[in-house]
2 protein chains.
Amino acid sequence: MNKLSIEEKIAAAGLKLSQGKKEILEILEKNAPISVPEILSSLKTKKISLNKTSIYRALSTLIKKKLVSEIDLGEGKKRYEASSKEDHHHHFLCNTCQHIYHIRLDEMLVSKIEKNIESKNKFSIENHKIEFYGKCGDCG
Amino acid sequence: MNKLSIEEKIAAAGLKLSQGKKEILEILEKNAPISVPEILSSLKTKKISLNKTSIYRALSTLIKKKLVSEIDLGEGKKRYEASSKEDHHHHFLCNTCQHIYHIRLDEMLVSKIEKNIESKNKFSIENHKIEFYGKCGDCG
DNA sequence: ACTTAATATGCAACTATGTTGCGTTTGCAA
DNA sequence: TTGCAAACGCAACATAGTTGCATATTAAGT
Ligand SMILES: [Mn+2]
Ligand SMILES: [Mn+2]
Ligand SMILES: [Zn+2]
Ligand SMILES: [Zn+2]
């Protein structure tokens, strides 16, 4: 059903259709979460010139509109992935091949954990970040 | 029972008792997880001169010996906390006051989530990183 | 089509965290 | 006390990310 093109997604978000946002989204849609340096070299391969400053700025507006989400796996740099509005999920990073897998987990259990924390402390939890590390099937 | 002094902990780990390791551990023991820049200014306040390179190197050896653990809350820099050998726990970051709280959560539930993931995929999970964000009691 | 305002872009300079090489100093054990 | 490994300071470097400012592009409105 909801198969929007990149151009349509950008329009639907009320954003200007710039070369930057278009190319970046295109790259993000066919990759695992990637970093800005990786986006930069991917652009270079496609013979597209786009400044790193422009990339950071385009990503920033795309994130605000939830077309992109930012991931931090503790590598000292952020990663970005294309995101549709309702796809909250988590990641598994293979310590051997470094591949990043998207995983959807039982959010009921997560919610149970959060309730647990909230009852013991006086926190109100708005958000969580959960990642797993280990060995993937290819590397097992 | 196991109340070792900083000097004793360093000795027990088979490490040389250097000014750096001693002062750093002292600071870490009386603080929430802090970053290297913060350690640096904390040292300056105490009128102790220690180079940032030395701090990074001291932290690195302390981490290897599990006297310190490294935390990444996605702020673009690492944080460090004093750790005893068996205190695996997680953190809650208040989005308002930025305080970091240590939280111990029901690892049985976490384990259940992990089993779940492992059964659906062919991963073997070795490690996880779980953090919560929201509003703390003081800021509620 | 022509104008205009908002947004996007390039570039250079800058900030920040973290690392490396190397020469010197210090802790500690023989 | 002497010798070696570990620790240290310093400068230079690496990399991720930001800012200011001038110019270019986009999307409307005329
Ligand atoms: Mn993902
Ligand atoms: Mn902690
Ligand atoms: Zn793998
Ligand atoms: Zn708070």
Side-chain angles (χ1 to χ4, degrees), chain A residues 5-27 33-44 46-65 67-80 98, chain B residues 5-27 33-44 46-65 67-80 98:
Chain A
S5 71
I6 285 172
E7 285 83 353
E8 288 168 327
K9 283 177 195 168
I10 291 173
L15 295 174
K16 222 193 235 189
L17 178 64
S18 62
Q19 282 308 301
K21 290 199 286 283
K22 211 191 71 182
E23 299 295 348
I24 289 171
L25 270 188
E26 209 166 280
I27 289 170
I34 59 179
S35 63
V36 168
E38 285 165 342
I39 292 172
L40 212 45
S41 70
S42 179
L43 285 167
K44 199 176 289 174
K46 293 173 75 182
K47 311 237 190 248
I48 292 159
S49 103
L50 187 61
N51 195 274
K52 71 168 173 166
T53 310
S54 306
I55 296 176
Y56 280 110
R57 292 197 267 228
L59 285 171
S60 169
T61 72
L62 290 170
I63 288 169
K64 267 178 216 142
K65 296 295 185 177
L67 294 184
V68 167
S69 59
E70 192 179 65
I71 296 162
D72 193 315
L73 298 173
E75 306 163 293
K77 64 189 163 188
K78 313 273 183 184
R79 289 181 176 272
Y80 303 87
Q98 315 301 328
Chain B
S5 71
I6 287 172
E7 285 82 355
E8 288 167 328
K9 285 178 193 168
I10 292 174
L15 296 174
K16 219 192 235 189
L17 178 64
S18 62
Q19 281 307 300
K21 292 199 285 282
K22 212 191 70 183
E23 298 295 347
I24 289 171
L25 270 188
E26 208 166 281
I27 288 169
I34 59 178
S35 63
V36 168
E38 286 165 342
I39 292 172
L40 212 45
S41 71
S42 178
L43 285 167
K44 198 176 291 175
K46 293 173 75 181
K47 310 239 190 248
I48 291 159
S49 104
L50 188 60
N51 194 273
K52 71 169 171 165
T53 309
S54 305
I55 296 176
Y56 281 110
R57 291 199 267 229
L59 285 171
S60 169
T61 72
L62 290 170
I63 288 168
K64 267 177 218 142
K65 297 295 186 178
L67 294 184
V68 167
S69 58
E70 193 179 64
I71 297 162
D72 193 314
L73 298 173
E75 306 164 292
K77 64 188 164 188
K78 313 273 183 182
R79 289 181 176 273
Y80 302 87
Q98 315 301 330

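Since this is a predicted model, take the numbers as computed values, not measurements. By convention in this document, chain letters (A, B, ...) are assigned in the order of the sequence lines, proteins followed by strands, and residues within each chain are numbered from 1. Values below: all heavy atoms of this structure, side chains included; hydrogens, waters and symmetry mates excluded.
B/Ile48 places none of its side-chain heavy atoms less than 4.5 Å from the side chain of B/Gln19. Between B/Glu7 and B/Leu17 there is a side-chain heavy-atom pair separated by less than 4.5 Å. In this structure the side chain of B/Val36 never reaches within 4.5 angstrom of the side chain of B/Lys77, judged on heavy atoms.
Separating the CG atom of A/Leu59 from the C1' atom of C/dA8 is a distance of 14 Å, rounded to the nearest angstrom. The separation between B/Leu62 atom CG and D/dA6 atom C1' is 13 Å, rounded to whole Å. Atom-to-atom, NZ of A/Lys78 to C1' of D/dA16 comes out at 11 Å; the value is rounded to the nearest Å. Taking atom CG on A/Asn51 and atom C1' on D/dA16, their separation rounds to 14 Å, with Å as the unit. Counting to the nearest Å, the C1' atom of C/dT9 and the NZ atom of A/Lys21 are 11 Å from each other. Taking atom CD1 of B/Ile63 as the reference point, atom C1' of C/dT19 lies 14 Å away to the nearest angstrom. For A/Lys64 and C/dT7, the NZ to P distance is 11 Å, given to the nearest whole Å. When rounded to the nearest whole Å, the span between NZ of A/Lys22 and C1' of C/dA8 equals 15 Å.
A donor-acceptor pair under 3.5 Å is formed between the side chain of B/Lys78 and the backbone N or O of A/Gly74. At least one donor-acceptor pair closer than 3.5 Å links the side chain of A/Lys21 to the backbone N or O of A/Lys16.
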Throw together a table of side-chain donor-acceptor distances under 3.5 angstrom for residues 52-62 of chain A, partners on residues two or more places apart or in other chains.
residue : atom : partner : partner atom : Å
A/Thr53 : OG1  : A/Asn51 : OD1          : 3.0
A/Thr61 : OG1  : A/Ala58 : O            : 3.1

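Between B/Ser49 and B/Lys52, the residue whose closest nucleotide on DNA chain D is further toward the 5' end is B/Ser49.
No hydrogens or angles were tested; on distance alone, nothing pairs the side chain of A/Arg57 with the base of D/dG17 as donor and acceptor under 3.5 Å.
Between A/Ser54 and C/dA8, a side-chain N or O to OP1/OP2 separation shorter than 4.0 Å is absent. Residue A/Tyr56 has a polar side-chain atom (N or O) positioned under 4.0 Å from OP1 or OP2 of D/dG17. An OP1 or OP2 oxygen of C/dG10 is reached within less than 4.0 angstrom by no side-chain nitrogen or oxygen of A/Thr53.
Smallest separation of non-hydrogen atoms from B/Leu50 and B/Leu40: O-CD1, 3.5 Å.
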Checklist entry - What string of B, S and - do you get for nucleotides 23-30 of chain C, 5' to 3', when a contact is any protein heavy atom under 4.0 Å? => result ---BBS--
